Structure formats: structure tokens, C-alpha cells
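Contents: one structure, followed by commentary.
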Amino acid sequence: MTGLPASVGVGFKPDHFTAIRNDARRVDFFEIHAENYMGAGGLPHAQLTALRDDYSLSVHGVGLSIGGQRGLDADHLQRLKTVCDRYQPDSFSEHLAWSSHGAEYLNDLLPLPYTQETLQTICDHIDQVQEVLGRKMLLENPSTYVLFEQSTISETDFLKAIVQRTGCGLLLDVNNVFVSCTNHGQDPYDYIAAFPMTSVGEIHLGGHSTEELPSGPLLIDAHGSPVADPVWSLFSHVIGQTGALPTLVEWDNDLPDWPILAAEARAAADILAQGGARLDLAS
Amino acid sequence: MTSHHETLAAFDRALTGGPLPKGITALDPSEAEQRFNVYRNNMMVSLTEALNARYPVIRRLVGDAFFGAMARVFIEHHKPTSPVLQEWGKEFAIFLDRFSPLKEYPYLGDVARIEYARGVAFHAADAEPIAASTLTSANPETLRMGLHPSVQVLKLRYAAVSIWTRNQPGFETYPIGHSGEIALVLRDRIFDVPVAAISPAEAEMIEALRMGRPLASAAASGSLKDPMFNPQPLLVSLMQAGVLTEGSPKT
């Protein structure tokens, strides 16, 4: 599906560079946010060039606004191509979300209604991305906090239709599944049952935060804490179905020291190695 | 039926003060506004964090609370125009110059100019430094060098270099100058981005080097500014930083 190894990786943070180089090999791949490597030179490129020699690489875009209004930012797509040409990543992925409107970049992954209109727009955008980059991309399911009355298609059916029309793969963010399903009163195991699992090329795990509202918890995809227990259980359930898949732990805020992040990756690797069985028995 | 464009436009307006867009709902519809606030908060917090990362000395000088409130005003008027956030925020210096609550602190804009330039230097293109042997063995009358793309010279109205320096760890007693300073910002061999105050003659020589003038001629242009000008210390520090590069051959 992708060239990423069916083992574990973490989101690369420059603060961890020295610790990674001085440590034994703890992960098999790193993922970077493409937008952080769009400068011309300097330390970011020196670090990534050094890591690229030893590890598989996933380039993950956060700013292309695939779910935005018709017409991708051609300049930004070209910048993504420059990053991909330079580092020849084993996978490129982006989000089912939008982040720009008009001339403004809003710096967040914003939700969209799922309709025939948005489906067509997104498929056209993905066709364009895959053509310009000359590679197949993975599309990630989002964390969402609100719903749209306009939506006529379920998220899983929407993703299925995108895969069928564009041939892209999917990045299954298990934390996002748990966050969105909790926020919208759905069963995350039902979501997983409806998810087009054969198209999954990578899995994301990450931490979320919780706010209590009168109707129940509001989960926020904060990437600033360990992976929560119910997300580990859901991940184990997924792996029980699919077997080992490239699995990435994301931790972007309140960054821990490298050994703590490496231990999260180790925990994911244990589940991959056991085919998801152990936690399934425990839960 | 609302078009996708209209849906996004209403969502965008709602992020910065507009009403909850039509059609936005939640499991318990009475909580739609509270849930939508996650998006309002995400945008403001993440952009404030980006500004904070770019302007740490400004934040230190005005304090966290003031910085946060000021960032909100700046963000509302100067949203990023591209997803490459390292290119965002250049207008912050002019914003500070004009922000009336800060009119007693007119030097802040110049401090911000230094901080923005440091980010530019950090991400500037790479260039191979010239070998020390080339510099020492060549004829200064004919040796043409280039400058690393990170090198920037900022002529500032206020003593912003010394203010910036005093706000670095270990420099808390650094003396503040009394008049405008010229900042030299560059990225050195180990990717640090130091800031130094240079003289008008040194600034003149750097600009002459940038224009591809031969070494002796560039030094002479410094001497025009200051008859006592000694180019040696500047050349040594540029050489040590690794920002003197092979010049493009003149045809």
C-alpha cells in the first residue's frame, strides 16, 4: 500500500534529534509535517537529510486544504512536490479537512459537510494532488467537534467513495475515530466496522484532552499527552482485523523527552507483534 | 441549498467573532456553540503560539498576558496568507510601531525586526563557505566573494541590538545603547543565529561584498565611512561564522 514498514514510527520533533542519534534504534520511520520543511535550507533540512539516511519517511501535509472550496493552492502543491522530490518519502498523506479560505490560512484542520458536492470537489483535488506529485496519497479521517445539518453521507461512506473514485489510500487515525465518535454519540467500533480497512496504508495514534459538557465529554485532538487506554483497545481491535500496519504515534504539544515518546511507540509495536490479540483479551 | 463556498465563508467569519454558521449542529444542538468554540480557540491559540515562537523577546518585554491580548488583535488583522507559517508575521514590527497602547515603547518594532530577521536567517538557503586558505592566499585586489543568503544588515532607529542582547540568557546586565544601532543577523556554521551590532563602516563593507566588489575595494568603501576603519575584525568574524562564500565569477 505504501513503502512504509509495517512497524512503528513517531512524529519527528527537532528537539529530539540529538537523543534519537545517541539512542539505539527505537522506531523504523519518522513522519514530518511537510510545511515545516518548506524553507530553503538550514537546520531543518540538515536534520532531515541525516535521518532520511537511516529511517523510512512519511511526509504528512497539514495545509493543503483538500476539503476547501474548489481549486487547490497551486503554489502550495508545488511546494509539496519540492519536499517530496527532495526526500522521496515512502508515503505522502493529507487530511479530509480544510484550512484555507480565500487568501487566509486558518492554521487548523476544519470540518466540512459530506455531500455529493463536496465529494466531487475533494475527488477532483485528490486527482490533482496525485497527478502533480506522481504518487498515490493517503487521506486521513478527521477529529470533529460539530456536525453539519447539510451532510447527507456518513464519513465512512464518504471515505469509501473517495477511495473508489480516486484510487487514493487512507490514513486511519484511531484517536480521531475515538474523538469524533465520542463527540457525536457514535460507537467507535461501529465506525471501524464500516471503515474501508483494505485501503489503510498507515495508522495514527495520539493523545486527546477532555472537557466536560452537560451532555457528556467533549474530546479534543490535542496531541499533548499519552495515547488513552480506550484508543489502545480500539487500535488493538483494528490490528486484530488487519494484521500489522505502519503505525505512527503523534505527540506535538507539551513534548515529552525522547524515551517517553519512544516507549509509546514500543507499546504500539508490542500490539503489532501480538496481532492485537493481547489487549483484545484484556478488554 | 448553501454552496460549499458559502458554508466555508460563514465558518471562516464565525471563527473570528461572527455568529455560529447556519447548519452547524451537535449531538445536543444546544451545545453547538460550545463545541464550535474548539475551532475558535484552536485557531487563536495555535497562531498565538506561532507568533510567540517567532517573537520571544517581544513577549518577554511586554509580558505573557499583554502579548496574548496583543496577538489576538494582530491575528484578527493579519491572518497568514500561506500554510508556510515561517513566512508569516513580518508585519508585526509595523504593527508594534503603530499599536497605540505601546507608544511609550517605540523601540519594540525594531526588536521585532531583529527577531523576524533571525527566522529568515534560520531558514535561508545553504551555501558552502569559502576555504580559509583561499581568503589568505588570494590577492585582495581581485578576490571577489559572496555572502551567505542568511546575512542581513538592519539599520535600526533604536538601540534594539543591545535590548535584544540584554534579553538573552546570561546577558541580563548587558548595557543598552543610547542611539540607533545596526544589526548584523546571520546563520553560522552550527546553525545558530547570532545578532551583533556593527558600525556604519562595517555595514558599508558588507553591502559592498554582497554586490560582489573585490575584497580590497569593499574594505575601502568602509574606510569612506570611517577613515579609521579596520576591516580585519569583521572579516575574521564573518569567516568564523562561515558566511563568506565563493563569489560568482565575473564575466
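Being a predicted model, the structure only gives us computed values, none of them experimental. In what follows, chains are A, B, ... by sequence order, proteins preceding strands, each numbered from 1.
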Contact part of A/S151 toward chain B, heavy-atom cut-off under 4.5 Å: side chain, backbone, both or neither?
-> neither
Residue among B/E49, B/Q86, B/E87 with most heavy-atom pairs under 4.5 Å to chain A | B/Q86
Who wins among B/D28, B/N42, B/N37 for the most heavy-atom pairs under 4.5 Å with chain A?
-> B/N42
Side chains of B/I24 and A/F148: does their closest heavy-atom pair fall under 4.5 Å?
-> yes
Measure B/L15 against the heavy atoms of chain A and call it side chain, backbone, both or neither at under 4.5 Å.
-> side chain
Got a second to check how far A/M38's CE is from B/S82's OG, nearest 0.5 Å?
-> 8.5 Å
Check whether A/H184 gets within reach of chain B through its side chain, its backbone, both or neither, counting any heavy atom under 4.5 Å.
-> backbone
Smallest heavy-atom separation, B/V38 atom then A/L218 atom, equals CG2-CD2, 3.6 Å
Heavy-atom pairs under 4.5 Å with chain A are the metric here; pick the option from B/L47, B/L27, B/T25, B/T16 that has the most.
-> B/T25
Of the backbone (N, CA, C, O) and the side chain (C-beta and beyond), which part of A/R70 lies under 4.5 Å from a heavy atom of chain B, both, or neither?
-> neither
State, to 0.1 Å, how close A/G67 and B/L8 come at their nearest heavy-atom pair, and which atoms those are.
-> O-CD1, 4.2 Å
Over 12 foreign heavy atoms within 6.0 Å of CZ, A/R86 = yes
A/A40 and B/A124 have their tightest heavy-atom pair at CB-C, 4.1 Å
Residues, nucleotides or ligands: over 12 heavy atoms within 6.0 Å of B/F66 CZ = yes
Identify which part of B/A9 has an atom lying under 4.5 Å from any heavy atom of chain A, answering side chain, backbone, both or neither.
-> both
Quick one: NZ on B/K22 to CD on A/E149, what's the gap to the nearest 0.5 Å?
-> 8.5 Å
Whatever's closer than 4.5 Å to a heavy atom in chain B on A/S209 counts as neither
Between A/N183, A/T144, A/V62, A/N36, which has the largest tally of heavy atom pairs under 4.5 Å with chain B?
-> A/N183
Tell me, for A/D75 versus chain B, whether the close heavy atoms (under 4.5 Å) come from the side chain, the backbone, both or neither.
-> neither
Residue from A/G102, A/G185, A/P111 scoring the most non-hydrogen pairs under 4.5 Å with chain B is A/P111
With a 4.5 angstrom heavy-atom cut-off, could you sort out which part of A/L109 is near chain B: side chain, backbone, both or neither?
-> backbone
So CZ of B/R13 and NE2 of A/H101: to nearest 0.5 Å the spacing works out to 7.5 Å
Distance-only side-chain donor-acceptor flag, A/Q69 / B/H5, under 3.5 Å = yes
Is it the case that more than 12 heavy atoms not belonging to B/K90 sit under 6.0 Å from its NZ atom?
-> no
Does CG in A/D254 sit with more than 12 non-hydrogen atoms of other residues, nucleotides or ligands closer than 6.0 Å?
-> no
Ignoring hydrogens and geometry, is there a side-chain-to-backbone donor-acceptor pair from B/Q34 to A/L213 under 3.5 Å?
-> no
Going through the distances and angles, do B/V84 and A/H76 end up as a side-chain contact (heavy atoms from CB on, under 4.5 Å)?
-> CA-CA 9 Å; B/V84 188; A/H76 197 61; 4.2 Å; yes
Check: B/L85 main-chain N/O paired with A/E35 side-chain donor or acceptor under 3.5 Å | no
What pair of heavy atoms forms the shortest contact from A/G216 to B/R35, and how long is it?
-> O-NH2, 4.3 Å
Which pair of heavy atoms, one from A/A46 and one from B/F191, lies closest together, and at what distance?
-> CB-CZ, 3.6 Å
Give the member of B/A127, B/P21, B/G23, B/A50 that has the highest number of heavy-atom pairs under 4.5 Å with chain A.
-> B/G23
Hey, could you give me the CG/CG distance between B/D12 and A/L106, rounded to the nearest 0.5 Å?
-> 5.0 Å
Proximal component of A/L43, with respect to chain B [non-hydrogen, under 4.5 Å] | both
Could you tell me which non-hydrogen atom of A/L110 sits nearest to which non-hydrogen atom of B/Y39, and how far apart they are?
-> CD2-CD2, 3.5 Å
For the ring pair B/W88 and A/Y105, is the centre-to-centre distance below 6.0 Å?
-> no
How far does OH of A/Y145 sit from CG of B/N41, to the nearest 0.5 angstrom?
-> 10.5 Å
Would you give the length of the straight line joining atom NE2 of A/H45 to atom CG of B/D126, rounded to the nearest 0.5 angstrom?
-> 8.0 Å
